[in-house]
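In what follows, a structure is listed as structure tokens, so that the remarks can point back to it.
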Amino acid sequence: MTSPKDRVVIFDTTLRDGEQSPGATMTHDEKLEIASMLDEMGVDIIEAGFPIASDGDFAAVSEIAKNAESATICGLARANFKDIDRCWDAVKHAKSPRIHTFIGTSPLHRAIPNLNKDEMADRIHDTVTHARNLCDNVQWSPMDATRTEWDYLARVVEIAIKAGATTINIPDTVGYTAPVESADLIRRLIAEVPGAEDVIFATHCHNDLGMATANSLAAVEGGARQIECTINGLGERAGNTALEEVVMALKVRGDIMPYTTGVETTKLMAISRRVAAVSGFPVQFNKAIVGKNAFAHESGIHQDGMLKNAETFEIMRPEDVGLSETSLVMGKHSGRAALRSKLKELGYDLADNQLADVFVRFKALADRKKEIYDDDLIALMQDEERTGEDRIKVDRVRVVCGTDGPQEAEITLTIDGEAHSSEATGDGPVDAAFNAVKALVPHKARLQLYQVSAVTEGTDAQATVTVRMEEEGRIVSGQSADTDTVVSSVRAYVNALNRLLVRREKAGKDAREISYKDAG
Ligand code: KIV
Ligand code: ZN
């Protein structure tokens, strides 16, 4: 029997720390959808956003709080009353709300608000007390804890506990710690700080040295009972601890780590794909648990062993993480009912009018591609969702390419309901096509990333293209899939431009000028 002490609370911060990653901005509806998937898969706490950052963040956190069925909904607040009040106004709608307030305690972070140790200690006492007067469930974090002097860290943790914090989170903000140190720090805090036995200790690791998962699991060995993590390890720089990695590590190695989580692991693959799609951050092929190659056995020796006994090279079954054998689904003779039922199996429950639209696109794809797999349908659905309310739509793309340059492109776009065409040349067909788009939609954005990957195998495979662009500090991503790589590239580019237009519009009324890194 597992005692309650052996239960590790999973705190997901995909929608806060993950979304903070430059370019990973999600729309309101996307945030709601991810939150509902997290809730359904048994994540204990969802950090839904940073309510003071913008009206958009506030609205998303409030609505997620209203909709949540079983997860606790948490919002982030810096160490000041205004942030904390705004956070409470957003999370208070939840059946189980939490306020998470923090301040940078290391010497480098103390210098930013220019507070000395005593002044910061007073600020911690006052803000945690204020949060606790609003909400019974208060988490406090000393940002950059792993680079904070031990004496000062112990002192401020004690102050936060006395002021009413119920969870103490120990962030490794810059991914600096190592497993032995991570375990020791939590162990020592629990052993030496008065009142530690009355709170839960949490671990929040970043992956700058590739040790976030190991550091989080070590912290659990040291006594932490909450792991903070994100889907696909999404997050600034090298990202945060990946939820799927810690959850599966605890499940597969229960023999040496006897802790349980409430996460339904068969839902991991679906949420990983969804987060990759809406954030515009594709999952690397060899990523543990959810990468395309995580369960692929290419070499002859491995294949032979797998056929005889899957356990020879597999420590977990693909179905444990929700990966079903990629099946050949349909071709151009498949009907509407078959498409509806296949999409339902993949998690898309469509109304009749939506199905009618998707069916047209499915038929067009089936005309160009003989065999349509699950992944093709997922890519098609993601494209469908992306283009819904876009101001710019791609009508026609035609390129001339080959060994003799310059390559040429002709493009027709519908912009706010009106068709516009242009022609351009470039260094290759994609460059020519992008130049033609730019002639119709002038912008100063700089292309930061252009990435192509095949959805399935074969020369008729769809290509998923991801584009990331930056304009005046605003970073946006776009994605699309098509059997024609140039068409897919233009659609991804236009998808990113549509997001840029939304961000430009919002910037006037709702600039995200506030950074969570400003302590006060
Ligand atoms: O990494 C960090 O320190 C954070 C805090 C706000 C908890 O994300
Ligand atoms: Zn963080």
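For ligands, and for the atoms within them, numbers begin at 1 and follow the listed sequence. Computed from a predicted model, the values in this text were never measured in an experiment.
- Ligand-side atoms of ligand 1 in range of H204: 1 (O), 2 (C), 4 (C), 8 (O), range being under 4.0 angstrom from any heavy atom.
- The closest approach between a heavy atom of R16 and any atom of ligand 1 is below 4.0 Å.
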Checklist entry - Does the salt bridge (charged side-chain N to carboxylate O under 4.0 Å, His left out) test come out yes or no for E149 and R110, once each step is laid out? => result CA-CA 12 Å; E149 310 90 318; R110 288 200 300 269; 2.8 Å; yes
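- Using bins of under 30°, 30° to 60° and over 60° for the plane-to-plane angle, the ring pair Y493/F434 lands in the parallel bin.
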Next on the checklist: Test salt bridge (charged side-chain N to carboxylate O under 4.0 Å, His left out) on E47 and K31; report intermediate values, then the result.
Outcome noted: CA-CA 11 Å; E47 187 163 51; K31 288 182 191 173; over 6 Å; no
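- Counting non-hydrogen atoms of other residues, nucleotides and ligands closer than 6.0 Å to OH of Y176 gives a total of 12 or fewer.
- Ligand 1 places these atoms under 4.0 Å from at least one heavy atom of D17: 8 (O).
- Annotation: S141 places no N or O atom under 3.5 Å from an N or O atom of ligand 1; distance criterion only.
- Checked against a 3.5 angstrom limit, the closest N/O atoms of H206 and ligand 1 fall inside it.
- Residue-level check: among N/O/S atoms of D17, OD2 sits closest to the Zn ion (ligand 2).
- Taking a cutoff of 4.0 Å between a charged side-chain nitrogen and a carboxylate oxygen, R187 and E221 do not qualify as a salt bridge.
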